[in-house]
Protein chains: 2
Amino acid sequence: MSTAASKRGRSSGRVTLNDVAEAAGVSPITVSRALRGERSVGAELVERVQAAAQALGYVPDPAARALASQRSSHVAVLIPLLSNTLFVDLLEAVHRTLLPAGFQTLIGITHYKPKEEELLLQSYMAHRPAGLLVTGFDRTETARRLIASSGVPCVHVMETSDAPGVHCVGFSQMEAGRAITQHLLSRGRRRIAFVAAQLDPRVMQRAEGYRRALHEANLYDADLELLNPDSSSLGLGGHLFEEVRRRRPDVDAIFFCNDDLAQGGLLAALRLGVKVPQEVAVAGFNDLTGSDLMLPPLTTVHTPRVEIGECAAQMLLSLMRREPVARSSLDLGYRLVIREST
Amino acid sequence: MSTAASKRGRSSGRVTLNDVAEAAGVSPITVSRALRGERSVGAELVERVQAAAQALGYVPDPAARALASQRSSHVAVLIPLLSNTLFVDLLEAVHRTLLPAGFQTLIGITHYKPKEEELLLQSYMAHRPAGLLVTGFDRTETARRLIASSGVPCVHVMETSDAPGVHCVGFSQMEAGRAITQHLLSRGRRRIAFVAAQLDPRVMQRAEGYRRALHEANLYDADLELLNPDSSSLGLGGHLFEEVRRRRPDVDAIFFCNDDLAQGGLLAALRLGVKVPQEVAVAGFNDLTGSDLMLPPLTTVHTPRVEIGECAAQMLLSLMRREPVARSSLDLGYRLVIREST
DNA sequence: CTGAAAGCGCTTACAG
DNA sequence: CTGAAAGCGCTTACAG
């Protein structure tokens, strides 16, 4: 089998389509079609080709395939950060769904910066990805055009939209923010602070939900919002907890925009001997690892990032195969998780 | 510029090497060489070519390049899990180092199973990765052969070895395990339990360090080892903490093989009213997020996974460029972080 | 339903 | 130091 190969100077030593074709006694195109499952090939031939491919241990060359078809087997996934476990869960779900379907996941980290995302997009598009997964809708005009003009199937995650032609899987961050605030109100809390970091678009949507709930209850007080642009972290949560208590000792509940902040707040409360929920109720967002094990366990909003990852990947697979997609906008909802901190 | 392109039926609309060559008035090969920085091209030509490429917005086609050169711009990174922040830190450092050098990171999750790693390797090798990053040395014979026979540069991370021809960046898990145990001994602890989960090779190396330290002190007691094969987690740490206390109420210190277990243990102690370190000292491993904020703050071993990721990526870059590598085995050490839990 | 030809956009040898 | 030719391993469009 290596005789033919060794004659050519630049042979890679790979088993090629030609080798399989020779072994099966058909033309290379037929092998290509049979292996890709194009229906136009006779059943008996398909079997013969598959047997030959199997016997020779043939593995298609992704580079050759990408060059000829103008489409690779890569899916670029653009997320803000890896240090937020939310996105790790999402990424893992996407990866787990795409791999068995024959697609590789390329990660891109945007650090919450539209300009960085634009640069990543620019370089990733050169790879002719088969598909694209992006976080939310906040991007530069250039990035938007790049995606649209490329014709590469794209699914947006974490938020929803009903703009025509847009594919997305997420939930309403605003509604979820409103729901958890309403829960605090239902517990009789009246001076509810909103403490946030990072201040990305989704955080601000939660803020909007918080505001609506308080406006509806005639309890909105702009002074109860503590918005910090730094990265979200346990440590920052502790500091912000202390800052709220210092600035507004009358606050009877705190809604942290993310669980890591809330966990930090809870730890700070323990350290300071502040009783939760008696003195102040604490709620978080996302239901991250450890929230159920805090003291007291943290009330939060469970967000379906694993399901979002899976559904978005499935939707993308359909788009990449040019199959019809039942619904182009999927709202997967959220779930209040009431524990002892409220 | 599209006249030439539109004549060809299958044109991708891309700006190609030929377009640049035409614009610069040289042959395509010269453009290829100039852009890749091959020294054999005249300085004046290089400038002209670069200007033309810039003007046309030329971006090389990775698929074509991979096909022609038999080498892609992808680096496959095989790690056990994404849910352990240790590996997220590692992955992020690798990604951050490789991207500016023009390499894309492909993630592979092995779930700590050599057989899964072997299958991943099989499929990733078809992509002709430019380089490979793998975790530790525990793999199937087939996987080992696949790597060796492929000729793809490979760097091993997290452990060290002085086997000839092996490239690795890590530290001695055994020594680190010994050091933290010796610290507990130096604090006057005598009945020190070792509590572990996952039981992967690196965990067992830490166990070995623990045993050596206790043997040296004539305090080794096999009954003080609690080895649980389940995945490491906060919740499991809590359970194992309780189990140790139940089985051996005389234990005066616990060395958890990972910080998530230790944090879970600390939270369980808080819940149960067990005083740390008075009643029992608690030490962890890895210095993960939040360990410094526990109550009390957790004594642990800081492991240099970020530096490991950076150095391993640098070493891989050298290997991929066929540059000489100063040292093929890098021991980046570890650092005891003594806090209030011991 | 099957195939011969051409082409995807680069790089590798081989010349000069 | 520069170039013409061939080839990497596939798939696309055009025939039959």
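Numbered from 1 within each chain, the chains take letters A, B, ... in sequence-line order.
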With the side chain of [X] defined as its heavy atoms from C-beta on, choose the nearest nucleotide among [options].
X	options	answer
A/Arg36	C/dG9, D/dT12, D/dG9	D/dT12
B/Leu67	D/dG9, C/dT11, D/dT12	D/dG9
A/Ser69	C/dG9, D/dT11, D/dC8	D/dT11
B/Tyr58	C/dC10, D/dC10, D/dA13	C/dC10

Which distance, rounded to the nearest 0.5 Å, do you find between the CZ of A/Arg139 and the CG of A/Leu121?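 One finds 7.5 Å between CZ of A/Arg139 and CG of A/Leu121.
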Do the side-chain N or O atoms of B/Thr30 get closer than 4.0 angstrom to the phosphate oxygens (OP1, OP2) of D/dG3?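 Yes, because at least one side-chain N or O of B/Thr30 sits under 4.0 Å from OP1 or OP2 of D/dG3.
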At under 4.0 Å, does any side-chain N or O of B/Ser32 touch on OP1 or OP2 of C/dT11?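 Looking at the OP1 and OP2 atoms of C/dT11, one of them is under 4.0 Å from a side-chain N or O of B/Ser32.
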Any base atoms under 4.0 Å from B/Pro28, or only sugar-phosphate, or nothing? Heavy atoms, all strands.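 No contact.
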Would you mind reading off the distance between [X] atom [atom1] and [N] atom [atom2], rounded to a whole angstrom?
X	N	atom1	atom2	value
A/Arg33	D/dT12	CZ	P	10 Å
B/Glu47	D/dC1	CD	C1'	17 Å
B/Asn18	C/dC10	CG	P	8 Å
A/Leu45	C/dG3	CG	C1'	12 Å
A/Leu56	D/dG9	CG	C1'	15 Å
A/Arg65	C/dG9	CZ	P	19 Å
A/Ile29	D/dG9	CD1	P	17 Å
B/Asp61	D/dG9	CG	P	17 Å

Just to verify, what does [X] make a side-chain hydrogen bond (donor to acceptor under 3.5 Å, both in side chains) with, not counting sequence neighbours?
X	answer
A/Arg65	none
B/Asp89	B/Arg305
B/His127	A/Gln104
B/Thr135	none

Assuming nearest nucleotide by heavy-atom distance, tell me which of B/Ala64 and B/Val26 is located more 5' along DNA chain D.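 On the 5' side of the pair lies B/Val26.
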Determine whether more than 12 heavy atoms belonging to other residues, nucleotides or ligands lie under 6.0 Å from atom CD of B/Gln54.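 Atom CD in B/Gln54 is not packed in, count stays at 12 or less.
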Give me the stems containing DNA chain D, sorted by first residue, counting only three or more consecutive Watson-Crick or G-U pairs with both distances under 3.5 Å; say none if there aren't any.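 Stem list for DNA chain D: C:1-3 with D:14-16, C:5-12 with D:5-12, C:14-16 with D:1-3.
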Return all side-chain donor-acceptor pairs below 3.5 angstrom for residues 107-115 of chain A, not counting sequence neighbours, or 'none' if the list is empty.
residue	atom	partner	partner atom	Å
A/Thr110	OG1	A/Tyr112	N	3.3
A/His111	ND1	A/Glu116	OE1	2.8
A/Lys115	NZ	A/Glu118	OE2	3.2

Ignoring hydrogens and angles, are the base of D/dG9 and the side chain of B/Arg128 linked by a donor-acceptor pair under 3.5 Å?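 Check fails, no donor-acceptor contact within cut-off.
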Taking for each residue the nucleotide of DNA chain C with the nearest heavy atom, is it A/Ser27 or B/Leu17 whose nucleotide lies nearer the 5' end?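 The residue whose closest nucleotide sits nearer the 5' end is A/Ser27.
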Verdict with reasoning, A/Leu99 to A/Thr105, per side-chain contact (heavy atoms from CB on, under 4.5 Å): CA-CA 8 Å; A/Leu99 197 64; A/Thr105 303; over 6 Å; no
